[in-house]
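One structure below.
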Amino acid sequence: MFTIGDFARHGHVSVRMLRHYDAVGLLRPARVDPVSGYRLYTAGQLSRLNRVIALKDLGFTLQQVRSILDEEIGAGELRGMLRLRRAELEAAMAATAARLTQVEARLRTIESEGHMSTDDIVVKSIPAVRVAELSGTAANFGPEAIGPVVGPLFEELCRRLSAAGVAPAGPGIAYYDDHPDGERIRVHAAMPVRAEPDGVPGTEIVDLPAVRRAATVVHHGPMDHVLSTAQALARWIEDHGHRSAGYARELYPECPENRELWVTELQEPLRAPSAEDAADGNA
């Protein structure tokens, strides 16, 4: 048998922890010396200790650990719990990383307020184009909600185009509109094509109408950082007396593997000048 100190050393835990496990009835010593009061353990108890530590590190409370061990859980079931917990932790890490990315994007936007050049903003017409598209729904218009939707849509769209033997006739386009529920956003991933309405199975062929006047600007870098460019465009639209007519389209002329080298043109449609606008201009 082992003293509590020796058992703690073999189990890679502290003596204090073993005493606590004894107090809560989770891991009792095999014997307690009636004279000295020393706790004594057997090597066979290392098996239970290993399970206690594994389950505790998976996030279970000691009460839950005791209930699980009372059901005599096996190594295979523990392995399944480990896989599940790993997936949960990976998802939590991904969510945290995404939040940090968005905080960084907001900070970039705050730092660039009033400093971004608007010399490259151009008002121009956007021609009509026929596209094959797939659509999805995002919780909101934030990059953290749009990105996980639009990326997989484009991947699946390109796969279906390739399967149909249809080559894109131009760079990809993303465009957006409000969901009928008034809360979510409809996301459209589109590729220009020269195809008949039934030419690409599994996609919708849509003729995007021409935009007579759009304020456009080129964004360089990943879309995670597009916020500062988009808000600079919004300020320019207001400062020059224009009015937005809806969500900006995104044209992707260059999307190499290195996202830092991405080039995206934001195309925000403008309302036609109204009689009120003309009167204000003559005031």
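This chain uses plain numbering: 1 for the first residue, then up along the sequence.
Side-chain contact between R249 and V211: present, with at least one pair of heavy atoms (C-beta onward) separated by less than 4.5 Å. Between R31 and M1, the closest side-chain pair of non-hydrogen atoms falls below 4.5 Å. The closest side-chain heavy-atom distance from M191 to F154 is below 4.5 Å. Using a 4.5 Å heavy-atom cutoff, the side chains of I205 and T203 are in contact. Annotation: side chain of R186 is in contact with side chain of T137 (closest heavy-atom distance under 4.5 Å). The side-chain heavy atoms of P168 and L161, taken from C-beta on, include a pair separated by under 4.5 Å. Residues L153 and S135 fail the side-chain proximity criterion, which asks for heavy atoms closer than 4.5 Å. Contact check for Q45 versus L27: side-chain heavy atoms found under the 4.5 Å cut-off.
T264 and H219 are not linked by any side-chain donor-acceptor pair at a separation below 3.5 angstrom, with hydrogens and angles left out of the test. A donor-acceptor contact under 3.5 angstrom links the side chains of Y252 and E250, judged on distance only. Looking at E268 and Y247, their side chains never bring a donor and an acceptor atom within 3.5 Å of each other.
Classified by interplanar angle (parallel below 30°, tilted 30° to 60°, perpendicular above 60°), the ring pair Y41/F7 is parallel.
Under the salt bridge (Lys or Arg N to Asp or Glu O under 4.0 Å) criterion, D57 pairs with no residue at all, not counting sequence neighbours. With sequence neighbours excluded, the residues forming a side-chain hydrogen bond (donor to acceptor under 3.5 Å, both in side chains) with R213 are H242, listed by chain and number. With sequence neighbours left out, E156 forms a salt bridge (Lys or Arg N to Asp or Glu O under 4.0 Å) with R159, R160.
Crowding of F141 atom CZ: a count of heavy atoms from other residues, nucleotides or ligands under 6.0 Å exceeding 12. Within a 6.0 Å sphere centred on CZ of R28, other residues, nucleotides and ligands contribute more than 12 heavy atoms. More than 12 heavy-atom neighbours from other residues, nucleotides or ligands sit within 6.0 angstrom of CZ on R259.
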The test is salt bridge (charged side-chain N to carboxylate O under 4.0 Å, His left out); show your working for E238 and R235 and say whether it passes. CA-CA 5 Å; E238 181 178 271; R235 290 189 178 92; over 6 Å; no

R9 vs D6, salt bridge (charged side-chain N to carboxylate O under 4.0 Å, His left out): CA-CA, chis, key distance, verdict: CA-CA 5 Å; R9 177 165 51 84; D6 288 338; 3.1 Å; yes

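Rounding to the nearest 0.5 Å gives a distance of 10.0 Å between CG of L251 and CG of L266. Expressed to the nearest 0.5 Å, how far CD1 of I68 lies from CG of L55 amounts to 5.0 Å. The CG atom of L233 sits 8.0 Å away from atom OG1 of T216, with the distance rounded to the nearest 0.5 Å.
Among all heavy-atom pairs drawn from G11 and L49, the shortest one is CA-CD2, 3.7 Å. Nearest heavy atoms, A195 versus V200: CB-CG2, 4.4 Å.
Taking a cutoff of 4.0 Å between a charged side-chain nitrogen and a carboxylate oxygen, E265 and K124 qualify as a salt bridge.
Within the 6.0 Å centre-distance limit, the rings of F2 and H10 are counted as a close aromatic pair.
Residues L208 and V187 fall into different hydrophobic clusters, defined by Ile, Leu, Val, Met, Phe, Trp and Tyr side chains chained together at heavy-atom separations under 4.5 Å.
With hydrogens and angles disregarded, no donor-acceptor distance shorter than 3.5 Å links the side chain of Q267 to the backbone of V217. Between the side chain of W262 and the backbone N or O of M223 there is no donor-acceptor pair closer than 3.5 Å. Under the 3.5 Å distance criterion, the side-chain polar atoms of Q231 are left unmatched by any main-chain donor or acceptor of S228. Looking at R66, its side chain does come within 3.5 Å of a backbone N or O of V24 through a donor-acceptor pair.
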